[in-house]
2 protein chains.
Amino acid sequence: MKTEHRSGCPINLSLEVFGDRWSLIILRDMIFGGKRHFRELLNGSIEGIASNILADRLKRLMELGMLTKADDPSHKQKAIYSLTEMAITLVPIMAHLGAWGRVWLPVSEELSIRAELLEKGGPAMWEQFMDELRHEHLGTPATVPGRPSVRATLQAGYEAVVARKASTAA
Amino acid sequence: MKTEHRSGCPINLSLEVFGDRWSLIILRDMIFGGKRHFRELLNGSIEGIASNILADRLKRLMELGMLTKADDPSHKQKAIYSLTEMAITLVPIMAHLGAWGRVWLPVSEELSIRAELLEKGGPAMWEQFMDELRHEHLGTPATVPGRPSVRATLQAGYEAVVARKASTAA
DNA sequence: GCAACCGATTGCAAAACGCAATCAGTTTGA
DNA sequence: TCAAACTGATTGCGTTTTGCAATCGGTTGC
């Protein structure tokens, strides 16, 4: 891993980690989309990432300590990627980024409903979401079961918008 | 201005705006360093931005609506760059980014003290800072004068660390 | 057996980057 | 008065990164 840095400024160092056009997209798809496999990330990406870029970024994110990789017991060739705590704590940043983008950029309604719900949920929802991610990716015990998962809530919001748009368009 | 987007996802659109290694650095220097001129940004950058990259990014950030440019009355050739509201509202993102970087990345003490103070100040401090930036860059009336400015507070913290390190090293 | 799928890798053209030198106009100061 | 320093850039050029398509060897399901 490269240890050469432009400066010790936290904002600069953060940019050195995900100051490119793809790293955060991959993490977004893992966090909000629940993607864990190479093909899921490759084919599920609405932005259309190329396979060599995806391979390169996965490797880089592993070297940086944001991801880990493990064998999938169901398939000898399959690898399963997991978020580390370092990546999971990006949730508040993702939430702010989504909120800012919703205000200032030409977002589409169906792709920004998740950001809107996450913004409205506030820090309490982010904490719950991070706990769920820790359970999924790090194997920590599930906390307070019974309530619907954040990802399911966001997904339901997304599907409601898609359904509504389909019905009004028909 | 380019209107071609990879997707309408707010996180993706945000990345299209500052998903590179320099745009946020420039905004950081304007927000926290109070830099307003080309040369200030060029020579003051600890990361060492090249002049062609700086020129390109300033142009791009203007096209995106993050910056405006005006003549400096004191010098016919001098241009003064101002943050727009769009850029000023990045303050909470900068704060979170700095907080995240402080936890996970090899930050230097003197360059992360500002991030620490901003994190501890919380949303109230961010709001005050954004108001000060609006006053500086947009000419809005100053709100609640009398308290020390956030930038001065952060700068004082930085200088205290530098002074302490100089004295212990001596 | 064979098609579909697995995580990549390779080749290649285009774009972006990093660096140094340079530009024309403006201001400063001796 | 006139040169030096400073203003916001621009140019040229070699290196690196990106984007895209094709392909790879191995695995699995039918």
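Proteins come first, then strands; the chains are lettered A, B, ... in the order of their sequence lines, and each starts at number 1.
Along DNA chain D, the nucleotide nearest A:Arg39 and the nucleotide nearest A:Arg21 are compared for position; the residue whose nucleotide lies closer to the 5' end is A:Arg21. Residue-to-nucleotide proximity on DNA chain C shows that, of B:Ile53 and A:Ile53, the 5′-proximal contact is made by A:Ile53. The 5' end of DNA chain C is approached more closely, in terms of each residue's nearest nucleotide, by A:Leu42 than by the other of A:Leu42 and A:Arg6.
The CG-C1' distance, from A:Asp71 to C:dC6, rounds to 12 Å in whole Å. As rounded to whole Å, 11 Å separates atom P of D:dT7 from atom CG of B:Asp72. When rounded to the nearest whole Å, the span between CG of B:Leu41 and C1' of D:dC6 equals 16 Å. Rounded to whole Å, the distance from CD on B:Glu40 to P on D:dG8 is 8 Å. Put simply, NZ on A:Lys76 is 11 Å from P on D:dG29, counting in whole angstrom units. Atom CG in A:Asp56 sits roughly 14 Å away from atom C1' in C:dT10 (whole-Å rounding). Summarising the geometry, the separation between CG on A:Leu54 and P on C:dT9 is reported as 11 Å, rounded to the nearest angstrom. Between A:Glu47 atom CD and D:dT18 atom C1' the separation is 16 Å, expressed in whole Å.
Side-chain proximity of A:Ala50 to the nucleotides C:dG7, D:dT10, D:dC20 is greatest for D:dC20. Side-chain proximity of A:Ser51 to C:dT9, C:dC19, D:dG8: nearest is C:dT9. Taking every side-chain heavy atom of B:Ala79 into account, D:dG8 is the closest of D:dG8, D:dT27, C:dG7. For A:Asn52, whose side chain is taken as the heavy atoms from C-beta onward, the closest listed nucleotide among D:dG19, D:dG12, C:dT26 is D:dG19. Checking C:dA20, C:dG18, C:dG7 against the side-chain heavy atoms of A:Lys69 singles out C:dG7 as nearest.
Checking the phosphate oxygens (OP1, OP2) of D:dG19, a side-chain nitrogen or oxygen of A:Trp22 falls inside 4.0 Å. For C:dC5, neither phosphate oxygen OP1 nor OP2 lies less than 4.0 angstrom from any side-chain nitrogen or oxygen of A:His75.
Side-chain N/O atoms of A:Gln77 and base N/O atoms of D:dG26 include a donor-acceptor pair closer than 3.5 Å.
In this view, A:Arg164 and A:Glu109 satisfy the salt bridge (charged side-chain N to carboxylate O under 4.0 Å, His left out) rule, not counting sequence neighbours. By the salt bridge (charged side-chain N to carboxylate O under 4.0 Å, His left out) test, A:Glu116 is found to be paired with A:Arg102, A:Lys120, residues two or more places apart in sequence or in another chain being considered.
Under the 4.0 Å criterion applied to side-chain N and carboxylate O atoms, B:Glu47 and B:Arg21 are not assigned as salt-bridge partners. Between A:Asp56 and A:Lys59, no side-chain nitrogen of the basic residue sits less than 4.0 Å from a carboxylate oxygen of the acidic one, so the salt-bridge criterion is not met.
Residues B:Trp100 and A:Thr89 have side chains that bring a donor and an acceptor to within less than 3.5 angstrom of each other.
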